[in-house]
Amino acid sequence: MNIYQHIEGLQAFVAAERAAGHRIAFVPTMGALHAGHLSLVKRALQENDCCIVSVFVNPTQFNNPRDLETYPRTLEADSDLLSSVGTSALFAPEVSTIYPEPDTRHFDVGAVAEVMEGKYRPGHFNGVMQVVSRLFEIVRPDCAYFGEKDFQQIAVLRAMSHLIKSPVEIIACPIVREADGLALSSRNLLLTKEGRAVAPNIYRILAESRSWRQDHTPQQVIERVTAEINALPELRVEYFEIVDTDSLQPITQWSDSPKPHGCITVYCGEVRLIDNIPYY
Ligand code: PAF
């Protein structure tokens, strides 16, 4: 596996791949890699000739400085994992390489970025769009793979792609879970022993709530899921919304959307976890 810290080296690699007629896939990450990230890389390698992974903890998407400070950084282990699954190249730049100057761009993609995470983490999605658009410019891949755990992020990035007329195809991949149902996340590394023990209840309750659709309105499902999770030690729901999969706007009746989707954020102690579930 080739490892690049600088744009020039990476772009020479990309140029050689292009000259060989290869289709190039890209998996952007913030590191602290787990089986969820590796599933993206494996799929990217199955569907393309080459896969480039970036590891970059992007400061502009953290609205909370403490979150940025404590975000796990495990580059050596990440590099070993990526190499073990046959990743073609790792791009691990410094902040000054991605942002030689402060990025003042504002992406107006409308309502998809304003609800849920957009409301609770102001500026977060603008930071995600800054870094992903910058990485797309540097890497110039044919396609990029993202995990559906960050359900809203995928909708926002599709809207960004449309806005900036990016030719990069955005491919969404299913959530990977632990055997007990907890969605894999780099933040799981930050959970205490007690938190890790209780956190799988988030998915257990979400999964159960699919059957409540028959005799509950969306609002009743929201209230029951929230109450059941909040009744558990360590867990506190920040928001739970049931939205239309495409518009991400909340629904009031099941008939409002052909594809209703539940999106949740829960604090498990100090750690903010997200998850989501289809109701179709
Ligand atoms: O999903 C993530 O890990 C990040 O938001 C991303 C897409 C790598 C941008 O920093």
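The structure presented is a predicted model; accordingly, all values stated were derived computationally and were not measured. Because only heavy atoms are used, hydrogens play no part in the values below, and waters and symmetry mates are left out as well, while side chains stay in. For ligands, and for the atoms within them, numbers begin at 1 and follow the listed sequence.
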- Sub-4.0 Å atoms of ligand 1 with respect to non-hydrogen atoms of Val131: 9 (C), 10 (O)
- Starting from atom 5 (O) of ligand 1, find the nearest protein heavy-atom neighbour and note its residue, name and distance. Gln153 OE1, 2.8 Å
- Message: Angle between ring planes, His261 versus Phe151, binned at 30° and 60°: parallel, tilted or perpendicular?
- Response: parallel
- Measure the acute angle between the ring planes of Tyr239 and Tyr120, then classify it against the limits of 30° and 60° as parallel, tilted or perpendicular. parallel
- Message: Name the residue from Asp49, Asn48, Asp142 that meets the side chain to side chain donor-acceptor pair (under 3.5 Å) definition with Arg23.
- Response: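 When Asp49, Asn48, Asp142 are each tested with Arg23, the side chain to side chain donor-acceptor pair (under 3.5 Å) holds only for Asn48.
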- Item | Donor-acceptor pair between Tyr99 and Asn58 side chains, under 3.5 angstrom |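 A donor-acceptor contact under 3.5 Å links the two side chains.
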- Query: Side chain or backbone of Leu157 under 4.0 Å from ligand 1, or both, or neither, by non-hydrogen atoms?
  - Reply: neither
- Heavy atoms only: which of Gln61, Arg134, Gln130, Met30 is nearest to atom 9 (C) of ligand 1? Gln61
